[in-house]
Structure formats: C-alpha cells, structure tokens
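Note that ligands are numbered from 1 as they come in the structure, with each ligand's atoms numbered from 1 the same way. One-based numbering along the sequence shown.
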Amino acid sequence: MGKDVIIALDFGTGEEVFAFLDKFPAQKPFVKIGMELFYAQGPDIVRRVKARGHQVFLDLKLHDIPNTVRGGMASLSGLGADMCNLHAAGGRAMMEAALEGLSRPDGTRPLLLAVTQLTSTTPEMLRDELLIGTDMGETVARYAQNAKAAGLDGVVCSPLEAALVKEACGRGMLTVTPGVRFADGDAQDQVRVTTPAKAKEIGSDYIVVGRPITRAADPLAAWQRCMDEFVG
Ligand code: C5P
C-alpha cells in the first residue's frame, strides 16, 4: 500500500471509458468509478475495468442502516473493488457492519474509507442546516476518529485537512484527497486546490485527479507528470 494517483473516470459511457484507457497501453493506473458511471452502466463496468488490470476505487458513499450497508458492501466486494467508501455520518455501527460485509471468504477485503464532511458543506450549512455546533475542523477530526475506532483504513478529505486527520488519528490513517491541480493548470470548479507536490508534502496517501488528466491533450503524459510529482 503506497502512494498513488487515482484517475477519476468521470465519463457517462463504457465506450468513453475504454477509449480513454486505451491511451495507457502499457500502464495500469489506479482508477475511480463514481455514481454517474456506476448507475448508468451497472456493476459490470467494475468487472470490465478490473479485467483490464486496473485497481478500482468504487466511490459510491454508502449511508443507510447497518444491515443494508453490510449487504451493499458484500455486493461491491464481490465485484473485486480495491477501495470503497461510506459516510462517517452513518455512525460506528454502520461502519463496523460495512467492514463485515466487505470481508471476502479468502480473508481479503477492499480498503474502506469514510467521507467525513463533504467539501461542498460550508460552515454555515453545518451550523444552520445540520445543527452541528462544533466547527468544521473539530467535526472532521471526530468523524475520522470514529472511522478509526470502527476499524476503517482512512478517510476521503480535502488535502488541506489531511494533516488534521493524521494529527487526530495517527500517521497510519490513510488520506485520499481530490481537489488537485497542476501549478500551471485551470482550477475549473474546484475552489481549494493543491498541486500533486504540495499534496505529497501535506501527507496525502492517494490523490484523486480527474479533468487535469482526462481532458489533457496527452492524458498519459499528464498522469506521468502527476506520478512524478506525487510519488517521485
Ligand atoms: O476533475 P476533478 O479533478 O475535479 O475530479 C475530482 C474527482 O473527485 C471527481 O470525481 C469528484 O466528484 C471527486 N470529489 C471531489 N471532491 C470531494 C469528493 C470527491 O472533487 N470532496
């Protein structure tokens, strides 16, 4: 388990996904499949990407009663996913049930990460809509500690929160961080962005990179640049 770059496959069709992966003839980048692709294409898209030799982060952010999440995770684990996630807001019992569901008969399981607070949640929403009186940093740290207590492997968070999570949970708690842009690149709709080199310095274990690679004129070169900056 080392530092790696995860490419967000934010495409709507299998054709687009495989046309993109064809640009990596010899390399097998770690990829992320999210709701859009999974809901449109069904579980088979995971099997097909796995069959080409890629590691897959299934970013479906489960949040339901423990029994339902246990069953859902068992289904995802059976697809051969390497990394899955859920919302820490579902509570410790739900996170523990998720881990049970993920465990395969051969004793292996995908890594399990918790989303603490979505990066789209503002301090005002936390206070006025969710009625959470503690500040964002404290909430993120506590949710990460709950995830650790439940036995999870890490969290998905902003690179700017990675240091906070490591401080609250120890260096072994994995941090997977989106919001990465090249220093000379376009931020698009991401607001708080970090370069791959800076994410490495802050302590991210995995960076999730979408458009800077998927929309690059030369995706292979862009991925290689990320790997060079982040993994070194
Ligand atoms: O194209 P871009 O690099 O912005 O893609 C980032 C990926 O990470 C997208 O799939 C996005 O949904 C995901 N993500 C994010 N911010 C979060 C959680 C997930 O950008 N807080």
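- For the pair D228 and W223, the minimum side-chain heavy-atom distance is 4.5 Å or more.
- With D205 as the partner, the side-chain contact (heavy atoms from CB on, under 4.5 Å) test is satisfied by one option alone out of D4, L174, V176, T177: L174.
- The immediate protein surroundings of ligand 1, defined as residues with any heavy atom under 4.0 Å of it, consist of A8, D10, K32, T119, P178, R181, Q190, V208, V209, G210, R211, P212.
- The list of side-chain hydrogen bond (donor to acceptor under 3.5 Å, both in side chains) pairs with a residue in residues 87-101, not counting sequence neighbours, reads R70-E100.
- Within a 6.0 Å radius of CZ in R142, other residues, nucleotides and ligands contribute 12 heavy atoms or fewer.
- Ring geometry, F11 versus F20: the interplanar angle falls from 30° to 60°, so the pair is classed tilted.
- Side-chain contact of R104 with S77: a donor-acceptor pair under 3.5 Å is present, judged by distance alone.
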